[in-house]
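FYI, the numbering just counts along the sequence from 1. All values derive from a computational prediction rather than experimental measurement.
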Amino acid sequence: RRVKKVWIKAPWATLGLLIGGLYVAGYLVLRWAEPATNPIRSLPTYTYFFIVTVTTVGYGDVVPVTMTGRVVAGVIAIGGIGAAAVALAKIFNSIGNYVRRREKGLLRFDMKEHIVIFGNRGAETAALIQQLIADRQSSGTEIVLCSQSTEGNPFPDFIDFVRGEPTSKDVMTRACVEDAGKVIIHAGTDYESISIALAVKEINHKAPIVVRANDPGKEVDIERVD
């Protein structure tokens, strides 16, 4: 059970240990089984042989001549194929997990001077994002949308997405609000907009905050926050 936990938590380390064990065991057996005239007994030559064998290249310029040595070479070759399969599976699995986590807004980003949008008002927010992309002043600037009600990135080709409670420390951290260059609030209610603006101001005093007010009567309260 302990070995299984190690494999799950550190598959690359485990894979490295397996290859390393195969390398050492192969060298010891070949040095013992092969005749003294075979250059494969020397460590540099064996290392070269191991690499071309474990990668299934197999140039054939250095080979074992004994039956035991050939069996070891076969084990090394099969181990190389297995290692490659495990490595590729791990790579594709990691890429798949990264794409899924990014689409669902679960990643933590590393950005500076970017634009953070809080709230998703559907077509209105989509139009805003398109306007920001087309605007010369903000063109090329990274954009992060933060929304709790949105399940997946609605504009994956243009922006990044962080899902969660907008005023939470987790969302603020993952969206890099502290280093944002501009904050736009498109919340569902003005009270929510005020709460978000207050949370932003606590960690970022420099970035200008633009708020979409629903009730003109609340504009005074929002301006006090700014």
Side-chain angles (χ1 to χ4, degrees), residues 8-12 87-214 218-219 221-223 225-226:
I8 293 175
K9 294 182 178 180
W12 291 113
L88 288 174
K90 177 61 180 177
I91 291 172
F92 288 129
N93 185 57
S94 298
I95 293 174
N97 287 337
Y98 174 82
V99 172
R100 286 190 294 270
R101 286 175 58 82
R102 184 168 187 170
E103 183 179 350
K104 292 181 179 180
L106 302 177
L107 293 182
R108 175 176 178 174
F109 298 99
D110 184 12
M111 301 178 180
K112 290 185 178 180
E113 298 302 319
H114 54 296
I115 299 174
V116 180
I117 303 175
F118 285 97
N120 182 11
R121 301 169 67 98
E124 186 179 350
T125 304
L128 169 65
I129 292 173
Q130 292 176 356
Q131 182 180 357
L132 290 172
I133 295 173
D135 186 11
R136 290 183 178 179
Q137 292 184 352
S138 59
S139 179
T141 303
E142 294 177 299
I143 300 174
V144 180
L145 173 66
C146 300
S147 174
Q148 186 176 21
S149 59
T150 307
E151 294 184 359
N153 190 340
F155 319 103
D157 296 332
F158 303 102
I159 66 172
D160 289 304
F161 173 57
V162 171
R163 186 180 185 187
E165 171 58 42
T167 58
S168 67
K169 183 178 180 181
D170 173 63
V171 169
M172 295 284 176
T173 300
R174 291 193 288 126
C176 305
V177 175
E178 183 179 1
D179 298 316
K182 180 184 293 185
V183 176
I184 301 174
I185 302 177
H186 262 212
T189 67
D190 292 329
Y191 291 106
E192 185 181 2
S193 296
I194 294 173
S195 298
I196 295 173
L198 287 171
V200 171
K201 275 298 180 182
E202 287 184 1
I203 61 176
N204 189 331
H205 304 284
K206 298 179 180 180
I209 301 176
V210 179
V211 181
R212 167 66 165 83
N214 297 296
K218 295 293 187 299
E219 290 182 355
D221 295 330
I222 295 174
E223 287 176 357
V225 175
D226 195 22

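The minimum heavy-atom distance between T150 and F161, with the atom names listed, is O-CZ, 3.3 Å. Closest of all the heavy-atom pairs between C176 and F109 is SG-O, 2.8 Å. P166 and V171 get closest at one heavy-atom pair: O-CG1, 4.1 Å. Nearest approach of V116 to C146, heavy atoms of both residues: CG1-SG, 3.8 Å. What you find for V144 and M111 is that their closest heavy atoms are CG2-SD, 3.4 Å. Between N120 and S147, the closest heavy-atom pair is CB-OG, 4.0 Å.
E113 and K182 are not joined by a salt bridge, as no carboxylate oxygen comes within less than 4.0 angstrom of a charged side-chain nitrogen.
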Item to check | E142 vs K112, side chain to side chain contact (heavy atoms under 4.5 Å, CB included): CA-CA, chis, key distance, verdict | outcome: CA-CA 9 Å; E142 294 177 299; K112 290 185 178 180; over 6 Å; no
Next on the checklist: side chain to side chain contact (heavy atoms under 4.5 Å, CB included), that's the test. Do F118 and V200 meet it? Break it down for me.
Outcome noted: CA-CA 10 Å; F118 285 97; V200 171; 3.8 Å; yes
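Here the straight-line distance linking atom NE2 of H186 with atom CD1 of I129 works out to 9.0 Å at 0.5 Å rounding. Rounded to the nearest 0.5 angstrom, I117 CD1 and T125 OG1 are separated by 7.0 Å. Between the OG1 atom in T141 and the CD1 atom in I143 there is a gap of 7.5 Å [rounded to 0.5 Å]. Rounding to the nearest 0.5 Å gives a distance of 8.5 Å between CD of E202 and CE of M172. We find the CG-CD1 distance between L145 and I115 to be 12.0 Å, quoted to the nearest 0.5 Å. Interatomic distance, OG1 of T189 versus CD of E192, reported as 5.0 Å (0.5 Å rounding).
Counting heavy-atom neighbours within 6.0 Å of E178 CD, excluding the residue itself, gives a total of 12 or less.
A donor-acceptor pair under 3.5 Å is formed between the side chain of R121 and the backbone N or O of A187. Put simply, the side chain of H114 gets close to the backbone of A175: a donor and an acceptor are under 3.5 Å apart. Panel note: side chain R163, backbone S149; no donor-acceptor pair is recorded below 3.5 Å. In this structure a side-chain-to-backbone donor-acceptor pair under 3.5 Å is present from S195 to Y191. Here the side chain of N153 pairs a donor or acceptor atom with the backbone of I159 at under 3.5 angstrom. Remark: the backbone N or O of N93 is paired with a side-chain donor or acceptor of N97 at under 3.5 angstrom.
In this structure the side chain of I209 reaches within 4.5 angstrom of the side chain of K201, judged on heavy atoms. Counting only heavy atoms from C-beta outward, the side chains of Y98 and L107 approach each other to under 4.5 Å.
Side chains of E165 and T167: a donor-acceptor N/O pair is present below 3.5 angstrom, by distance only.
Among residue pairs with one or both ends in residues 95-106, those qualifying as salt bridge (charged side-chain N to carboxylate O under 4.0 Å, His left out) are R102-D160; sequence neighbours excluded.
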